[in-house]
Protein chains: 2
Amino acid sequence: MKRNLEIIDYKENTEALARFAKALGHPTRIAILKHLEAQSCCFTGDLVDVFPLAQSTVSQHLKELKNAGLIQGELKPPKIKYCINQENWKIAKSLFENFFG
Amino acid sequence: MKRNLEIIDYKENTEALARFAKALGHPTRIAILKHLEAQSCCFTGDLVDVFPLAQSTVSQHLKELKNAGLIQGELKPPKIKYCINQENWKIAKSLFENFFG
DNA sequence: TTGGTCAATCGTATATTTGCGATAAGAGAT
DNA sequence: ATCTCTTATCGCAAATATACGATTGACCAA
């Protein structure tokens with residue numbers, strides 16, 4: 001049943017795209033990702049210095065980006081180094097490219 | 001002051017991108033846009049038939065897409081024909097392309 | 001003017017998001 | 001064990017988002 005598979009893919013792609021888009025739907029999160037793109041990686045504390053937000057708020061945005069799969073954290077005690085999750089980044093990129101045609 | 005202009009552009013692009021992303025951050029709105037892409041245009045009623053949602057809910061999603069500038073409505077009494085706003089679509093496309101690198 | 005059709009808007013309820021300060025948790029160093 | 005540094009989580013308040021049914025408004029036809 002090729003048709004069903006296509007429908008499922010369509011549905012899954014739609015929801016995956018919406019999930020990524022939702023994660024990108026806040027200026028601070030876009031800025032965090034731009035920062036990570038430019039620096040390749042950075043620590044939470046660096047971001048707290050850059051944005052006029054409380055540490056807990058920055059941490060929450062990082063959590064959402066992590067839940068969406070766009071970033072990943074690596075333990076570098078006593079800090080945590082955040083980087084873009086290249087694998088999912090590529091998936092998101094291709095979903096958006098495909099979407100915008 | 002080139003530097004200031006760059007900062008402003010950076011800030012504006014970040015916010016514009018977040019606004020577009022936010023509008024795309026719901027499966028129904030992605031699906032509506034995919035539908036419009038495929039059909040080029042369609043009426044609200046068609047969408048109400050396609051999605052398992054109340055008419056008022058679909059209308060609300062259309063309003064958000066319109067506010068984000070991604071679609072536009074044309075009066076075709078007694079119906080309204082919705083199409084993708086090609087101009088802003090291109091802007092969104094290039095913002096995302098630029099963002100994902 | 002009246003009626004019919006279609007879509008937007010109004011209330012309303014519920015859920016989610018965003019932000020903060022305060023607190024807890026994890027991992028060395030002393 | 002205790003202290004320090006860094007980050008996550010908790011608890012809360014305010015704002016926003018999502019969905020619905022009911023109502024209103026716009027337009028054309030009879």
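Here is how names work: the chains are called A, B, and so on, in the same order as the sequence lines, proteins then strands, and each is numbered from 1. Treat the numbers as computed from the prediction; the structure is a model and nothing was measured.
- Between the side chains of Thr44(A) and Lys79(A), not a single donor N or O lies within less than 3.5 Å of an accepting N or O.
- Relative to the side chain of Leu53(A), the nucleotides dT18(C), dG19(C), dA8(C) differ in distance, and dG19(C) lies closest.
- With dT7(D), dT18(C), dC6(C) as the choices, the nucleotide that has an atom nearest any side-chain atom of Lys79(B) turns out to be dC6(C).
- Residue-level contact check: Gln60(A) touches the bases, meaning some heavy atom is under 4.0 Å from a base atom.
- Of the candidate nucleotides dG19(C), dA22(C), dT16(D), dT16(D) has the atom nearest to the side chain of Lys22(B).
- The distance between the ring centers of Tyr82(B) and Phe43(B) does not fall below 6.0 angstrom.
- When distances are taken from the side chain of Thr57(B) to each of dT9(C), dC20(D), dA22(C), the shortest belongs to dC20(D).
- Atom-to-atom, CZ of Phe51(B) to C1' of dA19(D) comes out at 15 Å; the value is rounded to the nearest Å.
- As a whole-Å value, the separation of Asp46(B) CG from dC6(C) C1' is 12 Å.
- Under 4.0 angstrom from either OP1 or OP2 of dT16(D) there lies no side-chain N or O belonging to His26(B).
- dT17(C) atom P lies 6 Å from atom CD of Glu64(A), rounded to whole Å.
- A donor-acceptor distance shorter than 3.5 angstrom exists from the side chain of Asn88(B) to the backbone of Gly69(B), with no hydrogens or angles considered.
- Between Tyr82(A) and the phosphate of dT6(D), there is no side-chain N or O to OP1/OP2 separation shorter than 4.0 Å.
- Taking every side-chain heavy atom of Lys66(B) into account, dA8(C) is the closest of dT18(C), dT6(D), dA8(C).
- Between the base of dA8(C) and the side chain of Gln55(B) there is a donor-acceptor pair shorter than 3.5 Å.
- For Ser56(A) and Leu62(B), each mapped to the nucleotide of DNA chain C holding its nearest heavy atom, the one lying further toward the 5' end belongs to Leu62(B).
- When side chains are defined from C-beta on, Phe99(A) counts as touching Leu33(B), because their heavy atoms get closer than 4.5 Å.
- The residues Lys11(B) and Glu15(B) are annotated as salt-bridged, a charged nitrogen and a carboxylate oxygen being separated by less than 4.0 angstrom.
- In this structure, of dA8(C), dT7(D), dC20(C), it is dT7(D) that holds the atom nearest to the side chain of Ser59(A).
- Applying the 4.0 Å criterion to OP1 and OP2 of dG19(C), one finds that His61(A) has a side-chain N or O inside that range.
- Along DNA chain C, the nucleotide nearest to Thr44(B) and the one nearest to Gly25(A) differ in position, and the one closer to the 5' end is contacted by Thr44(B).
- Checking dT18(D), dA7(C), dA22(C) against the side-chain heavy atoms of Phe43(B) singles out dA7(C) as nearest.
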